[in-house]
Amino acid sequence: MTDPEVVVIGSGPAGACAAITAAQAGARVMIVERAALPRPKVCGCCLSDAGVAGLEAIGARDVLHEAVPIDAVRLATGTREASLPRTGGVALSREALDARLAAHARSYGVFVLERTSARVHADGTVTLASDPAAPLRPACTVVADGLGGASLVDIPGFQWRIEPRSRMGFGAMLPAGAVDCVRGEIRMHVAHAGYVGAVRLEDGSIDVAAAVRPEALRAAGGPAACARAWLGHAVLDPGALDAARWRGTPALTRRRACLAAPRILVTGDAAGYVEPFTGEGMGWAIATGAAAGRLAAAMRSAPDAWRAWPSQHRALVRVQRLRCRAIALTLRSPLLVTGAIACARAAPRALGAAAHAVGRRPSHAPRPAGAAA
Ligand SMILES: Cc1cc2nc3c(=O)[nH]c(=O)nc-3n(C[C@H](O)[C@H](O)[C@H](O)COP(=O)(O)OP(=O)(O)OC[C@H]3O[C@@H](n4cnc5c(N)ncnc54)[C@H](O)[C@@H]3O)c2cc1C
């Protein structure tokens, strides 16, 4: 494709959903993805109920086939732990989710160019690393290149504002017997310098993802040692953690100075992120990606429509991000987590209701037939 009307940079949940809705609105769409799909991604792999509703809304529910329904969160610190009920979300590996979303986009005629990195320029043109001499001139570029993306570095005004004491992420996939982790339950262990989560995926393997202060990770001796220490008695095969391929992320809590400009919309993690404690990032990426794709298609005939994006974006994620941040800050103290665990044991309904509220689908989104309320 040499003349796309909409170019999407990045094929994570935000980019794929943007491409799908732009194509549904009739645009000629091209996704440019730096990696070859399926590709690994540091992530807790738990899609919230709101995220599931977001996929249903754009006709992409089928990408979740084989996903594991989540019905509980086991919160632990030291040797204390308690299980809280949580319904509506699912666990699915990012390899499966992202590759299936890209395939779903292709079914709408989207052209997906893999193993190619893209860069946006101030005049709205896009160059591909594979052919820098032939810039693309779309009506809109949707930037969905995640936390580590650098496609906007050439344009002044889009710089990151990174929270000074932000934690970083790390994670790995482990074999089935590595950690005591029941199918359908998220294991979440909180320590002084961060937290680590584990969940069983569709093929039985275990996804481990953590947020940690960088200096604590160094002091622990690296990701495997840190995860072993924090997961404690739940580790069944320490050697599997040592042998795993651990990946890291840049600082997590950050926001973009600017989310839109003529012919440019920024979405998903590329627009900003907060610590992943409540596991809602993919839901936010799906909601903002789908909205950005619709606006990008509209910009073919209304080039000034980009002006609406910052307020649309804020309306979609601001409240949820504030809540996630508040929960993450509260649970920075293992003492408060111990209190929450005691409360969960004494009054399971009260804390269960709070756990249910996280990542719940919007009240206007219909629930699929047969699903729990
Ligand atoms: C430790 C941790 C745990 C988490 N746990 C959860 C969880 O349980 N549930 C949840 O919902 N969320 C979770 N998240 C958050 C979630 O992973 C992200 O919010 C989500 O992946 C954002 O999607 P995205 O599409 O914006 O970006 P990404 O998924 O990061 O996709 C960006 C894509 O852009 C590509 N790219 C980058 N630069 C370029 C370029 N120049 N040109 C072309 N392509 C490029 C990358 O290769 C990548 O494929 C977690 C995050 C962390 C760090």
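Counting starts at 1 for both ligands and their atoms, in listed order. Below, all heavy atoms of this structure are taken into account, side chains as well, without hydrogens, waters or symmetry copies.
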Starting from [atom], find the nearest protein heavy-atom neighbour and note its residue, name and distance.
{"atom": "atom 46 (C) of ligand 1", "answer": "Glu33 OE2, 3.5 Å"}
{"atom": "atom 30 (O) of ligand 1", "answer": "Lys41 CE, 3.3 Å"}
{"atom": "atom 51 (C) of ligand 1", "answer": "Tyr273 OH, 3.4 Å"}
{"atom": "atom 2 (C) of ligand 1", "answer": "Pro276 CG, 3.6 Å"}
{"atom": "atom 53 (C) of ligand 1", "answer": "Leu252 CD2, 3.5 Å"}
{"atom": "atom 38 (N) of ligand 1", "answer": "Asp145 CB, 3.4 Å"}
{"atom": "atom 6 (C) of ligand 1", "answer": "Gly44 N, 3.4 Å"}
{"atom": "atom 26 (O) of ligand 1", "answer": "Asp269 N, 2.8 Å"}

Hey, which atoms in ligand 1 end up nearer than 4.0 Å to a heavy atom of [X]?
{"X": "Gly149", "answer": "38 (N)"}
{"X": "Thr116", "answer": "43 (C)"}
{"X": "Ala144", "answer": "32 (C), 33 (C), 34 (O)"}
{"X": "Gly10", "answer": "33 (C), 34 (O), 35 (C), 44 (N)"}
{"X": "Ile9", "answer": "40 (C), 42 (N), 43 (C)"}
{"X": "Cys45", "answer": "7 (C), 8 (O)"}
{"X": "Gly268", "answer": "26 (O)"}
{"X": "Gly146", "answer": "27 (O), 30 (O), 32 (C)"}

N or O pair under 3.5 Å between [X] and ligand 1:
{"X": "Ser151", "result": "no"}
{"X": "Gly281", "result": "yes"}
{"X": "Pro13", "result": "yes"}
{"X": "Thr267", "result": "no"}

Note: heavy atom closest to atom 43 (C) of ligand 1, options Arg34, Glu114, Arg115, Met188, belongs to Arg34

If hydrogens are left out, which of Arg94, Met282, Glu280 has an atom nearest to atom 21 (O) of ligand 1, that is, the closest non-hydrogen atom? Arg94

Test side chain to side chain contact (heavy atoms under 4.5 Å, CB included) on Met30 and Leu128 and set out the steps. CA-CA 12 Å; Met30 177 187 208; Leu128 308 182; 4.2 Å; yes

Looking at ligand 1, does [X] have a heavy atom less than 4.0 Å from it?
{"X": "Ile186", "value": "no"}
{"X": "Ala211", "value": "no"}
{"X": "Ser48", "value": "no"}
{"X": "Leu47", "value": "no"}
{"X": "Gly51", "value": "no"}
{"X": "Gly171", "value": "no"}

Side chains of [X] and [Y]: does their closest heavy-atom pair fall under 4.5 Å?
{"X": "Pro175", "Y": "Ile206", "answer": "no"}
{"X": "Gln320", "Y": "Thr278", "answer": "no"}
{"X": "Arg28", "Y": "Asp3", "answer": "yes"}

Answer with side chain, backbone, both or neither: which part of Cys43 has a heavy atom less than 4.0 angstrom from an atom of ligand 1? both

Hey, is Cys46 touching ligand 1 through its side chain, its backbone, both or neither, going by heavy atoms under 4.0 Å? both

Which pair of heavy atoms, one from [X] and one from [Y], lies closest together, and at what distance?
{"X": "Leu231", "Y": "His189", "answer": "O-CE1, 3.4 Å"}
{"X": "Gly268", "Y": "Ala14", "answer": "CA-CB, 3.6 Å"}
{"X": "Glu66", "Y": "Arg100", "answer": "OE1-NH2, 3.1 Å"}
{"X": "Val73", "Y": "Met188", "answer": "CG1-CB, 4.4 Å"}

Does atom CZ (Arg119) have a neighbourhood of more than 12 heavy atoms from anything else shown, all under 6.0 Å? no

Are Leu265 and Trp306 close enough, and set up right, to give a side chain to side chain contact (heavy atoms under 4.5 Å, CB included), and what steps lead you there? CA-CA 7 Å; Leu265 306 176; Trp306 64 271; 4.0 Å; yes

Has Arg256 got its NZ or CZ under 6.0 Å from the middle of the six-membered ring of Trp160, at an angle within 45 degrees of the ring axis? yes

Donor-acceptor pairs under 3.5 angstrom involving side-chain atoms of residues 233-245: please list them, not counting sequence neighbours.
{"from": "His233", "atom 1": "NE2", "to": "Glu81", "atom 2": "OE1", "distance (Å)": "3.1"}
{"from": "Asp237", "atom 1": "OD1", "to": "Gly239", "atom 2": "N", "distance (Å)": "3.2"}
{"from": "Asp237", "atom 1": "OD1", "to": "Ala240", "atom 2": "N", "distance (Å)": "3.4"}
{"from": "Asp242", "atom 1": "OD1", "to": "Arg228", "atom 2": "NH1", "distance (Å)": "2.3"}
{"from": "Asp242", "atom 1": "OD2", "to": "Arg228", "atom 2": "NH1", "distance (Å)": "3.2"}

Does Cys226 form a side chain to side chain contact (heavy atoms under 4.5 Å, CB included) with Trp246? I'd like the steps, not just the answer. CA-CA 11 Å; Cys226 187; Trp246 295 90; over 6 Å; no

ring-ring contact (aromatic ring centres under 6.0 Å, His included): pairs with one or both residues in residues 64-118, sequence neighbours excluded: His104-Tyr108

Salt bridge Arg34-Asp145, side-chain N to carboxylate O under 4.0 Å: no

Please evaluate residues Met173 and Glu95 with respect to the criterion side chain to side chain contact (heavy atoms under 4.5 Å, CB included), reporting the C-alpha separation (whole Å), side-chain torsions for both, the decisive distance (0.1 Å), and the verdict. CA-CA 11 Å; Met173 299 279 269; Glu95 281 84 349; 4.2 Å; yes

Starting from Val266, can I reach Val29 by hopping between I/L/V/M/F/W/Y residues whose side chains sit under 4.5 Å apart? no

